[in-house]
Number of protein chains: 2
Amino acid sequence: MARTVAQVKRRGVGDDAADLVREAIFDGRFPPGAPLREVELAQQLGVSRGSVREGLAVLAREGLIRTGWHRPTTVIGIEPEDVEEVYALREALDGLAARTAQSRIGASDVSHLLALVDRMAAETAGRGDATALVHLDIAFHDTLYTIAANQRLTRAWQAVRSQVHLFQIRRVRDGYLPYRDSVVREHRQIIRSLQGADPQAVERMAREHVAAARQSLLASLRPDTR
Amino acid sequence: MARTVAQVKRRGVGDDAADLVREAIFDGRFPPGAPLREVELAQQLGVSRGSVREGLAVLAREGLIRTGWHRPTTVIGIEPEDVEEVYALREALDGLAARTAQSRIGASDVSHLLALVDRMAAETAGRGDATALVHLDIAFHDTLYTIAANQRLTRAWQAVRSQVHLFQIRRVRDGYLPYRDSVVREHRQIIRSLQGADPQAVERMAREHVAAARQSLLASLRPDTR
DNA sequence: CCATGTCCGAATGTTGACATTCGGTCGTCG
DNA sequence: CGACGACCGAATGTCAACATTCGGACATGG
């Protein structure tokens, strides 16, 4: 399972712009529904409108923004239906990823996953930054998809990944205590199933993990009747 | 289940370019691995390079072409691993779509699906154009996703839809007799399950349909050792 | 007072020119 | 003779200007 040394990935200016805008959306500087005007972003980021367009196309692929014909692109909202859609799809995706990963997983992969969970445990114990915990959570599932090694599946995951990230941040913002307690335990269970030989067991475990996250997120969204 | 009257969809020049190039790929005018040069396409289609870029971005989203940094975009190939990847993902996607559609399906939806299958039967009986049969097959599954009404799920399907289309055309080209026999029967079975009330049954039926297609496609690809 | 039609500002869609990078070829040196 | 390195053509990445379209404000007529 030898990997290439470093493999610097050559990127365009558009990708940099996408990273900056994505970060701004996660930070709440572009709240849901906010318009992302091309000329405005172009002069703020110091690049041309063409590159901004390219970057917005990336974010559109990730489902973070919505765009239309001669209409300003806007940040997506977080309605209960959106959560239902994303997590229903994620359940199917994560289930397949876990099942596929089980048949390809190696010892180094296991230690990598365990290291991530250990860092999660450290974060929850030390009352560290909540967003760090979310990053680790996402990184765990990224690794799962990498192990599964299905390019199409990985792309499908990337198409909802940023939305999941956004949802989790929102969930963490207003009361994330239950998340904190269960996240380490559930991920450890997934690793254990991954090391077993029962495909149905891993898939069920992965799906239940997603289902639990959905439930928790919907619950934290419900009292929000402002 | 009232729909809007017509809803003309405003599109850009880039989308038109994407349609033209996609058609050309399906027709075999751009064989697997062929380079799609932007300047060349631009003057052939009579539009600017920017619009061609936009169109190629659409096809890249559909997974029909591969692109890289300062590297010509090329048509994807049809290797056995590609088939495995696409159909493994499609199994998960179609399973979810069928299960979701079951809980939302209406009488008009059923008649629409039945009409499509009837047209399939007419094509198979009359020894009509094989590509027409593929179009109907794709249209059937499009309808399923429309009924499921999960936008994220639909987008995930669209990300593999064109690849499935390409595979099916290839399969149809070199001997498609088994496909012809089973396609009508399997789709009718799916409709019947859709009208039932057992979610696991529909999902299993949809998954088996995809698995059968994968098997058949791989078989028709194997003797191809040229 | 409400409905309708027209006009206008602002944003996106489109275009062609310029800058950057890639792959290969040619030449040179060990 | 083989390997290394610089050059060069061609293709993509980036940019700023022009054309088109949208939504609303305003005026007008019923």
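Note that these values count all heavy atoms, side chains included, but never hydrogens, waters or copies made by symmetry. Every chain is numbered from 1, with letters handed out A, B, ... down the list of sequences.
- Annotation for A/Gly55 and A/Ala18: closest pair O-CB, 3.6 Å, computed over non-hydrogen atoms.
- Rounded to whole Å, atom C1' of C/dT14 lies 15 Å from atom CG of B/Leu45.
- Side-chain contact, A/Arg66 with A/Thr73: no donor N or O sits under 3.5 Å from an acceptor N or O.
- The shortest distance between side-chain heavy atoms of A/Tyr87 and A/Leu218 does not fall below 4.5 Å.
- Counting all heavy atoms, side chain and backbone alike, B/Gln151 lies closest to A/Glu85 at N-OE1, 3.1 Å.
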The contact string for nucleotides 6-12 of chain C, one letter per nucleotide 5' to 3', using protein heavy atoms under 4.0 Å with B, S and - for base, sugar-phosphate only and none, comes out as -----SB

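- Put simply, CZ on B/Arg11 is 16 Å from C1' on C/dT14, counting in whole angstrom units.
- Across all strands, B/Gly50 comes closer than 4.0 Å to base atoms (heavy-atom distances).
- For the OP1/OP2 pair of D/dG13 and a distance below 4.0 Å, the side-chain nitrogens and oxygens of A/Ser51 include no atom meeting the criterion.
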Next item on the list: Before giving the answer on side-chain contact (heavy atoms from CB on, under 4.5 Å), spell out for A/Leu166 and A/Ile25 the whole-Å C-alpha distance, their side-chain angles and the decisive distance to 0.1 Å.
Entry: CA-CA 8 Å; A/Leu166 185 61; A/Ile25 292 176; 4.3 Å; yes

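- Where DNA chain C pairs in unbroken runs of 3 or more (Watson-Crick or G-U, both distances under 3.5 Å), the stems are C:1-30 with D:1-30.
- Between the side chains of A/Asp137 and A/His187, a donor-acceptor pair is found at a separation under 3.5 Å.
- Annotation for A/Arg207: atom CZ counts as buried by contact number, over 12 foreign heavy atoms lying within 6.0 Å.
- Across all their heavy atoms, B/Ala88 and A/Asn150 have their closest contact at CB-ND2, 4.2 Å.
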